[in-house]
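Since the structure comes first, as structure tokens, the remarks are kept for the end.
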Amino acid sequence: MFEVLPGFRDFFPEDCLQRNFIFSHWKSWARRFDFLEYDIPTLEPLELFTRKSGEEIVSQLFHFVDQGGREVSLRPELTPSLARMVGSRINSLKRPVKWFNIAENFRYERQQKGRLRSHYQFNADIFGEPGPQADAEIISLVISVLRDFGFRPADIKLRLSDRTLWSIFLESFGFEQERALEVLAVIDKMERMSREDLLEKLKPYFNEAGEDFLASVELLRSQRDLAGLRRAMESLAPTAGLKARVRERLGNWEQLLSTLESQGVGDYLQLDLGIVRGLAYYTGFVFEVFQINDKGQPEGRALAGGGRYDHLVGLLGYPDVPAVGFGMGDVVLGDALQEKGLMPPLIDAPDIFCVTGGEAERLLAMEDAMALRQNGFRVSYPLKGTGFGKQFKLAGQSGSRVALVYGSEEREKGTVKVRDLQSGGEREIPRSHLLKHLPDIIAEGIPTESGD
RNA sequence: GUGGCUGUAGCUCAGUUGGUUAGAGCACUGGAUUGUGGUUCCAGGGGUCGCCGGUUCAAGUCCGGUUAGCCACCCCA
């Protein structure tokens, strides 16, 4: 017997129904925000990913050598491919470039909850616009989608942070470029590490001054509103030059937040500089969306994450172009929808179920079924002969709205009996009038004789 | 990659101190039912007890290994 590979999933029809429910929401909201759909290959040169993330990523990629001797890999994400597409035509694309994609991504990793070796991810990105209104557009889209799934502000929070402020902060301690990123990586782990371990990790950078540094980091991380963030940053910036950059950056914050407030999604935001995101290429606003528990604490894996990456396209060898985007995976989202009871009952039923008597009647039904199908109706019938009773049972189980009854009596009169499978009401109409009347019957039903 | 827990029918699970041919509910198939239903009743199919080995007269049950899943690390899309 065969089983699916570890970390992969079979999608039975009921699973596809749920997947399509998620996909259609994603797509619908991307369209409403006027993002255009694009797509990329499943298989890419291995180097496309190592260029961005370094050689250590290779052990987590599904990669192999193809028959032509090329080192290739299933895509673990689509940002590098997207950067290639955008970069290669950046001078002819109308800006801002607003694109989205829904695709399967692969990673060779030990699986656990919310994290498989294959998952589907919704990505939307904006290229060519460096200002905070592009960030707001992305964040607003993320929240709009999740809100439409039924998550309320009490269920989820988009934790919003800023790599730019962290850079200014680290610069005030004398850290820039690589060393700033290394210290940032330590800050990223603060939620999960003890104070002793943190101090140990910071020792190479601060010697004995780690305590003071940590206190400053804590001050920043604990801020939950813009006024507090402003006070904290200004108290930490030692020079006039840094103070000016803080003021300018906080102006961007104001614009971002006021845009999101006026779009009515402010209730989902939580200012939280504790979000850093591990990836090195993020440059400005960054965010992650989490479910929150009764105490208001984030729980589980991020439902979505993203941010600004103004130098990635340049890093991959194309002209520099500012960019901001996000990703949202189907696994964590699907789990969250199940837990919260937000996955609605999804029905997948035909419009019409044909019930037939003998062979002559069956052939008439086949003729009508095809005509109905050509007009967009979803029509089903048994694929083997059985009695009327059995067929009505099947019709009921199918979830179909109406049954069309083709018996010898109807055949002789040139009619067909239409039965409303919900109300039990019936109506006999000439076969030639089927197409004309069925849309109304399906929409409005047939009352029972008692007028019920 | 490291560690802990768990594997009995498609699903949820029983299965006694090791003891004959491994069970239930749901689901599925057929029938009761050849002109009207999702109820009901009857019957049936479906298992290498994850896999391999060991202990034993005897293993679903005990032991070892392995594999898969879950959880936590590591890491992060």
Side-chain angles (χ1 to χ4, degrees), chain A residues 1-10 12 14-15 49 52-54 56-62 73-82 101 103-123 125 185 188-189 192-193 197 276-282 288 300-307 309 312 325-332 335 347 349 353 355-359 361 384-411 416-426 428 448:
Chain A
M1 286 306 123
F2 294 101
E3 293 178 5
V4 290
L5 289 167
F8 286 79
R9 293 167 287 173
D10 279 332
F12 285 87
E14 60 270 27
D15 304 314
F49 305 116
K52 179 194 146 198
S53 307
E56 60 276 13
I57 191 91
V58 172
S59 67
Q60 304 190 350
L61 296 176
F62 251 105
S73 172
L74 294 173
R75 61 181 177 219
E77 55 167 332
L78 47 65
T79 309
S81 311
L82 171 61
N101 174 257
E104 189 175 12
N105 293 327
F106 307 88
R107 248 177 121 100
Y108 196 88
E109 275 191 306
R110 187 137 172 189
Q111 66 165 315
Q112 52 185 284
K113 189 177 186 184
R115 188 185 192 182
L116 306 177
R117 286 182 172 181
S118 146
H119 74 145
Y120 291 86
Q121 197 171 65
F122 172 34
N123 278 81
D125 296 87
D188 187 31
K189 296 189 191 339
R192 308 184 288 276
M193 283 176 65
D197 291 344
V276 174
R277 288 186 71 71
L279 292 174
Y281 60 75
Y282 283 108
E288 290 180 353
R301 293 180 179 282
L303 285 165
Y309 51 101
L312 180 61
F326 77 91
M328 181 186 299
D330 73 310
V331 180
V332 179
D335 287 349
I347 49 166
F353 195 97
V355 173
T356 61
E359 180 64 6
E361 292 81 19
K384 63 176 181 185
T386 49
F388 271 98
K390 183 78 178 177
Q391 289 189 65
F392 276 107
K393 192 170 187 169
L394 291 172
Q397 287 172 341
S398 77
S400 180
R401 183 66 207 268
V402 301
L404 297 186
V405 185
Y406 292 84
S408 55
E409 298 163 22
E410 289 84 1
R411 176 171 56 82
V416 59
K417 191 181 281 177
V418 185
R419 180 177 174 85
D420 183 333
L421 289 167
Q422 284 168 27
S423 71
E426 290 187 346
E428 198 161 334
T448 55

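In what follows, chains are A, B, ... by sequence order, proteins preceding strands, each numbered from 1.
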- Query: What about A:K417, does its side chain sit under 3.5 Å from the base of B:U36 through a donor-acceptor pair?
  - Reply: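 In this structure, the two groups form a donor-acceptor pair.
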
- Message: Tell me if the side-chain of A:Q391 makes a donor-acceptor pair with the base of B:U36, cut-off 3.5 Å, by modelled atom types.
- Response: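 For A:Q391, whose side chain was compared with the base of B:U36, there is no donor-acceptor pair (under 3.5 Å).
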
With a 4.0 Å cut-off on heavy atoms, is [X] in touch with a base, just the backbone sugar-phosphate, or nothing at all?
| X | answer |
| --- | --- |
| A:P6 | sugar-phosphate |
| A:R419 | base |
| A:G327 | nothing |
| A:G114 | nothing |
| A:L421 | base |
| A:Q121 | sugar-phosphate |
| A:G424 | base |
| A:K113 | sugar-phosphate |
| A:E361 | nothing |
| A:V355 | nothing |
| A:S59 | nothing |

- In terms of side-chain geometry, is the basic nitrogen of A:R115 or A:D335 positioned less than 4.0 Å from the acidic oxygen of its partner?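 Salt bridge absent between A:R115 and A:D335.
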
Can you find a pair of side-chain heavy atoms, one from [X] and one from [Y], that are under 4.5 Å apart?
| X | Y | value |
| --- | --- | --- |
| A:Y108 | A:S59 | no |
| A:S408 | A:E361 | yes |
| A:F62 | A:R75 | no |

Distance, [atom1] atom - from [M] to [N], rounded to whole angstrom:
| N | M | atom1 | value |
| --- | --- | --- | --- |
| B:A59 | B:U20 | P | 11 Å |
| B:C28 | B:U66 | P | 41 Å |
| B:G30 | B:A72 | P | 44 Å |
| B:U6 | B:A43 | P | 38 Å |
| B:G50 | B:G45 | C1' | 23 Å |
| B:G37 | B:U33 | C1' | 12 Å |
| B:G7 | B:C52 | C1' | 15 Å |
| B:G15 | B:C57 | C1' | 23 Å |

- Please assess A:L5 against A:R117 for the test side-chain contact (heavy atoms from CB on, under 4.5 Å), listing each intermediate value before the final yes or no. CA-CA 9 Å; A:L5 289 167; A:R117 286 182 172 181; over 6 Å; no

Take the protein atom [atom1] of [X] and the nucleotide atom [atom2] of [N], then report the distance between them rounded to whole Å.
| X | N | atom1 | atom2 | value |
| --- | --- | --- | --- | --- |
| A:Q111 | B:U6 | CD | C1' | 15 Å |
| A:I347 | B:G38 | CD1 | C1' | 15 Å |
| A:R117 | B:G69 | CZ | C1' | 13 Å |
| A:D420 | B:U36 | CG | C1' | 13 Å |
| A:E426 | B:G37 | CD | P | 11 Å |
| A:L394 | B:G31 | CG | C1' | 14 Å |
| A:Q397 | B:U40 | CD | C1' | 14 Å |
| A:E410 | B:U36 | CD | C1' | 11 Å |

- Message: Can you tell me if A:K393 touches the phosphate of B:G38, counting only side-chain N or O atoms and a distance under 4.0 Å to OP1 or OP2?
- Response: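 Checking B:G38 against A:K393, a side-chain N or O does come within under 4.0 Å of OP1 or OP2.
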
- Query: Taking the side chain of A:K189 as heavy atoms from C-beta outward, which of B:C73, B:U36, B:C76 is closest to it?
  - Reply: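 Of the candidates, B:C76 comes closest.
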
- With Watson-Crick and G-U wobble geometry limited to distances under 3.5 Å, how should the secondary structure of RNA chain B be encoded in dot-bracket form, using | for bases paired to another strand and [ ] for crossing pairs? (((((((..((((.....[...)))).(((((.......))))).....(((((..]....))))))))))))....

Atom pairs, protein N/O to nucleotides 2-4 of chain B N/O, distance under 3.5 Å:
residue, atom, partner, partner atom, Å
B:U2, O4, A:R110, NH1, 3.4
B:G3, O6, A:R110, NH2, 3.4

- Query: Are A:F388 and B:G35 stacked, counting the six-membered base ring, centres under 5.5 Å, planes under 30°?
  - Reply: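 The base of B:G35 is stacked with A:F388 (centres under 5.5 Å, planes under 30°).
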
- Task: Check the pair A:Y120, A:E104 against side-chain contact (heavy atoms from CB on, under 4.5 Å), reporting the backbone distance first and the verdict last.
- Result: CA-CA 4 Å; A:Y120 291 86; A:E104 189 175 12; 3.5 Å; yes

